[in-house]
Amino acid sequence: MTKPRVVLSLAAASALALLVLTACTPEKVEVTPSVTPTAAPTTGGFDPYAQTLSWSKCASLECADVQVPLDWGNPGGEQITLKINKVAATGDKKGSLLINPGGPGGSGLDFTDYFSQSAGDDLLAAYDIIGFDPRGVGTSTPVDCGDADTVNAFIVEDYPPRDGGRR
């Protein structure tokens with residue numbers, strides 16, 4: 001028994017391809033936040049939201065340091081420095097886009113230039129692209145989480161392993 005062959009005309013194949021492509025392409029819609037953000041309450045004399053950044057040239061990008069609380073539960077406590085960089089908007093700036101390559105341990109500074117090479121012209125015209133090294137990563141302030149025993153006791157449920165580490 002032979003299998004039936006399906007033959008599409010060029011017009012039908014083109015129409016089908018167009019239908020599939022338009023179904024998978026999201027509509028470009030500008031989104032405006034509906035709520036005005038407010039600064040978190042601070043204790044002590046440091047307000048992380050009130051600082052003015054001093055941008056300087058670094059290779060093909062601009063770079064700055066941001067002071068942030070080590071513990072956002074205590075914003076007036078110990079401060080650390082996060083390194084950030086940006087590709088400035090090329091047109092009528094509408095805002096900033098903060099990018100994060102994920103992690104753990106991924107450098108956002110390295111990701112900024114890469115991202116800007118693949119972003120579309122519309123996005124690059126309207127938004128500063130901002131990357132950062134999270135706390136404890138790359139050029140940002142290192143974070144000391146304790147010695148190996150302290151970290152393992154916090155992370156590993158069965159520490160020390162009851163089975164001697166055999167699986």
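Computed from a predicted structure; not experimentally measured.
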(message) I'd like to know if the side chain of S56 pairs up with that of E62 as donor and acceptor (distance under 3.5 Å, no hydrogens or angles considered).
(response) no
(message) Between L97 and D128, is there a side-chain heavy-atom distance shorter than 4.5 Å?
(response) no
(request) Name all residues meeting the side chain to side chain contact (heavy atoms under 4.5 Å, CB included) criterion together with A126; count only those two or more places apart in sequence or in a different chain, and write none if there are none. (result) K94
(message) Nearest 0.5 angstrom please: D133 CG to T81 OG1, how far?
(response) 12.0 Å
(request) Answer with yes or no whether the hydrophobic clustering places I130 together with L82; edges join I, L, V, M, F, W, Y residues whose side-chain heavy atoms lie under 4.5 Å apart. (result) yes
(message) Are L109 and L53 linked, directly or through intermediate hydrophobic residues, by side-chain heavy-atom contacts shorter than 4.5 Å (ILVMFWY only)?
(response) no
(request) Applying side-chain contact (heavy atoms from CB on, under 4.5 Å) between F132 and each of L98, V68, V66, report the one that passes. (result) L98
(request) Please examine the side chains of C63 and I84, heavy atoms only from C-beta on, and report whether any two atoms are closer than 4.5 Å. (result) no
(message) Is it the case that the side chain of E78 and the backbone of N74 share a donor-acceptor pair, with hydrogens and angles ignored and the cut-off at 3.5 Å?
(response) no
(message) Does D121 have more than 12 heavy atoms from other residues, nucleotides or ligands lying within 6.0 Å of its CG?
(response) no
(message) Using side chain to side chain donor-acceptor pair (under 3.5 Å), reason through N85 and T112 one step at a time and then give a plain yes or no.
(response) CA-CA 7 Å; N85 63 5; T112 307; 2.6 Å; yes
(request) Could you please spell out the steps behind the side-chain contact (heavy atoms from CB on, under 4.5 Å) verdict for D65 and K83? (result) CA-CA 5 Å; D65 292 346; K83 302 291 186 172; 2.9 Å; yes
(message) Tell me if a side-chain donor or acceptor on Q51 pairs with a main-chain N or O of P48 at a distance below 3.5 Å.
(response) yes
(message) Hydrophobic clustering (ILVMFWY, side-chain heavy atoms < 4.5 Å, transitive) - are Y127 and F111 grouped together?
(response) yes
